[in-house]
Amino acid sequence: MLSPGRTLSSRLLRPISRLHLRLGSDGRAASSLPKELIKRHELEIDELRPLYMDFQATTPMDPRVLDAMLPYQVNYYGNPHSKTHAFGWESESAMETARRQVADLIGADPREIIFTSGATESNNMAIKGVARFYKTKKRHVITTQTEHKCVLDSCRILASEGFSITYLPVQANGIVDLELLEASIRPDTSLLSVMTINNEIGVKQPMKEIGQICRSKGVFLHTDAAQAVGKIPINVTDMKVDLMSISGHKIYGPKGVGALYVRRRPRVRLEPLQSGGGQERGLRSGTVPTPLAVGLGAACSIAQQEMEYDHQRVSMLANRLVQKITSELPDVIMNGDAEQRYAGCVNLSFAYVEGESLLMALKDVALSSGSACTSASLEPSYVLRAIGTDEDLAHSSIRFGIGRFTTEAEVDYTAEKCITQVSRLREMSPLWEMVQEGIDLKSIKWTQH
Amino acid sequence: MAAAVRSQVISLYRMMLTESKKFPSYNYRTYALRRVRDAFRANGALEDPRAVERLVVEGQQTLALIKRQVIPAVVSD
């Protein structure tokens with residue numbers, strides 16, 4: 001299968017797809033394309049695809065998930081809400097099986113699961129829905145500064161509607177201060193939203209303790225568990241969570257589907273965002289996409305089966321990566337608590353190296369600095385700013401994502417490449433030179449020219 | 001384990017590895033090979049014939065799944 005003469009990099013990196021060359025950009029045969037375009041395609045044919053180390057941004061679909069989805073994309077295409085014929089019945093049965101698979105993973109009842117288009121929609125529904133339903137008596141919502149953009153933005157919209165929002169700061173290790181959290185709960189607080197595992201620094205919040213506090217004060221607890229579901233054991237009863245957002249494409253499932261867990265006992269009421277035919281308990285109208293729901297269910301059931309195996313493997317690989325890098329490179333900081341974390345999300349800051357140039361130097365490994373949603377802007381990540389990282393360290397941080405399909409060879413290659421490139425960039429850096437000479441950078445008075 | 005069952009398990013293992021090698025994607029291929037090997041290794045000491053039979057049936061279903069999934073993977077590469 002693999003000839004022994006090929007180097008490690010050529011074995012790992014795959015040729016870029018030739019499909020675009022056969023069809024051309026608008027479906028015409030390649031020979032009729034203008035000369036410049038053909039030349040560009042020929043150059044790309046030699047280009048190899050990078051290694052994938054960005055599992056927090058998205059995950060490839062597990063082949064078992066695709067296998068479960070295909071029949072519903074091809075032959076069993078009925079609308080699950082059609083009550084009068086076999087097409088509808090078989091689709092509905094598949095949808096209900098998927099619902100049960102999602103519920104089993106988090107220890108919930110199937111009637112408490114609502115299918116949505118993703119964790120962003122689930123977050124919007126939970127935050128805006130709960131706040132608006134209870135708005136006559138309760139006008140206060142609490143969240144943290146390290147939440148996902150969709151949560152922060154939903155809270156911003158609520159603020160413009162007249163709600164009062166508290167954005168809790170986090171400690172330097174990324175974890176919320178429980179006393180501060182308890183102190184910020186007011187008699188008119190309706191909802192507290194804290195994400196279980198952070199997507200940028202991998203920190204795990206103490207959900208059991210937070211759930212205990214919220215239950216005792218009569219506040220609903222919502223958690224964005226998109227990065228946590230299927231990776232760590234979750235039980236909504238143990239965590240005393242009332243609402244939970246789940247994302248399909250973070251657990252090796254399809255993109256475009258997610259779920260929201262809404263507790264029935266004690267009942268949580270929501271004002272629906274999407275109106276229509278009353279599907280999904282009236283909370284989210286619209287035809288449930290059967291193939292996607294089946295995919296989400298299959299992904300959840302596979303995750304439950306493989307959780308122990310994946311956890312051991314991911315922890316081993318993450319340790320391997322961090323050990324290799326920190327043993328060869330000085331001045332590397334891991335962002336986020338070292339113990340209370342999910343091993344597969346490693347966020348490292350390399351001092352005295354510029355982040356963008358490091359990412360470009362590592363271009364045959366698919367990595368990210370900060371989260372995918374904020375990668376377009378030049379600002380450093382707000383999560384890193386919230387944990388108190390210095391501006392320059394925040395710019396030189398890289399997030400390594402390790403998942404089910406990562407191999408030892410990929411981790412070793414990434415670590416070696418990282419070490420070489422960081423050393424090379426530091427050699428070129430005058431700041432590094434000054435540090436080597438023992439100058440304290442903070443004491444320098446930079447002058448204008 | 002009875003000799004007939006043992007040879008059945010070994011041939012199932014070999015077939016699963018052969019089919020797994022056909023995945024064009026490096027990540028899927030290595031995962032399938034590794035997972036099959038680790039699963040057979042973990043269950044190697046099993047004696048109860050009913051448990052073994054159940055696992056063999058599951059293995060045959062997974063083998064069929066791998067054969068089915070290699071096709072779209074090859075076509076869309």
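Just so it is clear: chains get the letters A, B, ... in the order the sequence lines come, proteins before strands, and each one is counted from 1.
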Of the non-hydrogen atoms in Arg34(B) and Arg404(A), which two are nearest, and what is the gap between them?
NH1-O, 3.8 Å
Can you tell me if [X] has over 12 outside heavy atoms packed within less than 6.0 Å of its [atom1]?
X         : atom1 : answer
Tyr309(A) : OH    : yes
Glu53(B)  : CD    : no
Tyr13(B)  : OH    : yes

Do Asn27(B) and Tyr52(A) have a side chain donor and acceptor closer than 3.5 Å?
no
For a quick check under 3.5 Å, do Thr407(A) and Tyr31(B) share a side-chain donor-acceptor pair by atom type?
no
What is the distance from atom [atom1] of [X] to atom [atom2] of [Y], rounded to the nearest 0.5 Å?
X         : Y         : atom1 : atom2 : value
Leu70(A)  : Arg68(B)  : CG    : CZ    : 9.0 Å
Asp310(A) : Arg35(B)  : CG    : CZ    : 7.5 Å
Glu410(A) : Thr30(B)  : CD    : OG1   : 6.5 Å
Asp38(B)  : Gln312(A) : CG    : CD    : 10.0 Å

